[in-house]
Amino acid sequence: MKRPLLKYKACCLIIIVLLFNIQAFCQNPRFKAIAFYTTTVERDHVWFANDALKFFGSLAEKDNFVFDTTTNWSNINYDFLKNYQVVMWLNDFPQTEEERRAFEKYMSAGGAWLGFHVAAYNDKYTKWPWFVDFLGGAVFYTNNWPPLPAKLIVDDTAHPVTTGMPPKYNAPANEWYMWKPNPRLNKDVRVLVTLDTTNYPLGKKDLITQGDVPVVWTNTKYKMLYMNMGHGNKIFTDTTIQNRMFEYAILWLGKK
Ligand code: ZN
């Protein structure tokens, strides 16, 4: 008559082990993200970074991922970066050859990148051809000034980052960048959001009067996403549409 008791004990043990594993699984963060930012750049770009730290910090708690932050860009070395599944540049980009090579290695090894606004700024003085290629060929051409709200077109609601978004929405004030070459011309680029031409002429001092302006895109050769938002302290004020896109962006990049 000992056997049923043994079976009962064995069952209890299995249940305890299972519960322990489920708990461990739930507590493990889904992924680790590291945000690089600079506090000595243009004031409006610092404001954005500060807002982004708060926004992604609370998302990390809600969505169960690690969100680390640093102002030390020399942390862009492979030994540091390899600890993270997502690297974010909030308001700056690496300047030294060493940092640039380390980032190239990280991306080629399957890392993910989320860049905002000035993070993708490049011109003839930047001298980083790999990065231009990484962006799908985009080189900064012009911008509107002052920063203004704008109507945006959601090109692609089939993508995990823009799923469930309306075909158009009004985005909070931003300084919008135009690119030449236009990354849409690259067959590997998938544009998700575009500046609506009904905004034109957009600006007062500096005007965007015509042309196609992609705002959010991914170069499908990499696990990367660029979002042009990132100027001023209004970016995170659209709590229903745009903020959800930011959330989906980091979750998509963090997904294994
Ligand atoms: Zn700006």
Side-chain angles (χ1 to χ4, degrees), residues 35-56 69-71 73 76 87-95 103 113-128 131-132 134-153 169-184 191-197 199-218 224-238 241-243 245-246 249-250:
F36 289 84
Y37 67 107
T38 302
T39 55
T40 51
V41 289
E42 195 176 331
R43 183 196 62 177
D44 291 58
H45 294 173
V46 178
W47 283 349
F48 167 75
N50 288 336
D51 288 349
L53 296 180
K54 277 186 224 143
F55 177 80
F56 287 103
T69 65
T70 180
T71 55
W73 287 76
I76 300 196
V87 168
M88 299 165 74
W89 299 350
L90 300 180
N91 64 1
D92 208 352
F93 47 85
Q95 314 283 340
F103 180 68
W113 177 80
L114 179 57
F116 288 96
H117 196 56
V118 76
Y121 180 90
N122 74 88
D123 58 23
K124 62 182 176 183
Y125 302 107
T126 314
K127 298 196 179 353
W128 190 8
F131 187 59
V132 177
F134 174 71
L135 292 170
V139 175
F140 173 82
Y141 176 62
T142 189
N143 61 275
N144 69 289
W145 195 261
L148 289 169
K151 277 194 196 70
L152 300 185
I153 294 170
Y169 77 98
N170 294 308
N174 187 45
E175 176 196 23
W176 305 97
Y177 289 176
M178 189 174 184
W179 309 88
K180 216 174 194 171
N182 180 346
R184 198 191 303 272
V191 176
L192 304 183
V193 179
T194 303
L195 198 64
D196 192 335
T197 53
N199 294 297
Y200 302 159
L202 183 64
K204 285 170 190 154
K205 183 176 159 282
D206 298 317
L207 295 153
I208 299 177
T209 55
Q210 58 169 341
D212 172 37
V213 178
V215 171
V216 177
W217 72 85
T218 176
M224 64 81 84
L225 188 78
Y226 172 69
M227 310 182 105
N228 186 237
M229 299 84 179
H231 188 107
N233 56 6
K234 304 277 194 303
I235 299 296
F236 294 97
T237 56
D238 179 3
I241 300 172
Q242 188 162 281
N243 284 5
M245 176 173 65
F246 294 147
I250 193 162

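Numbering of ligands and ligand atoms starts at 1, following listing order. Computed from heavy atoms alone, side chains included, the values below leave out hydrogens, waters and symmetry copies. What you are looking at is a predicted structure, and each value in this text was computed from that prediction instead of being measured.
When the N, O or S atoms of Glu175 are ranked by distance to the Zn ion (ligand 1), OE1 comes first. If you look at His45 and ask which of its N, O or S atoms sits nearest the Zn ion (ligand 1), the answer is NE2.
Annotation for Tyr141: atom OH does not count as buried by contact number, only 12 or fewer foreign heavy atoms lying within 6.0 Å.
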For Gln242 and Met227, what are the C-alpha separation, side-chain angles and deciding distance, and is it a side-chain contact (heavy atoms from CB on, under 4.5 Å)?
-> CA-CA 11 Å; Gln242 188 162 281; Met227 310 182 105; over 6 Å; no
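In this structure a side-chain-to-backbone donor-acceptor pair under 3.5 Å is missing from Trp89 to Trp113.
Put simply, the angle at the Zn ion (ligand 1) from NE2 in His117 to ND1 in His231 is close to 120°, to the nearest 10°.
Note: Lys204 NZ to Leu148 CG = 6.0 Å, rounded to the nearest 0.5 Å.
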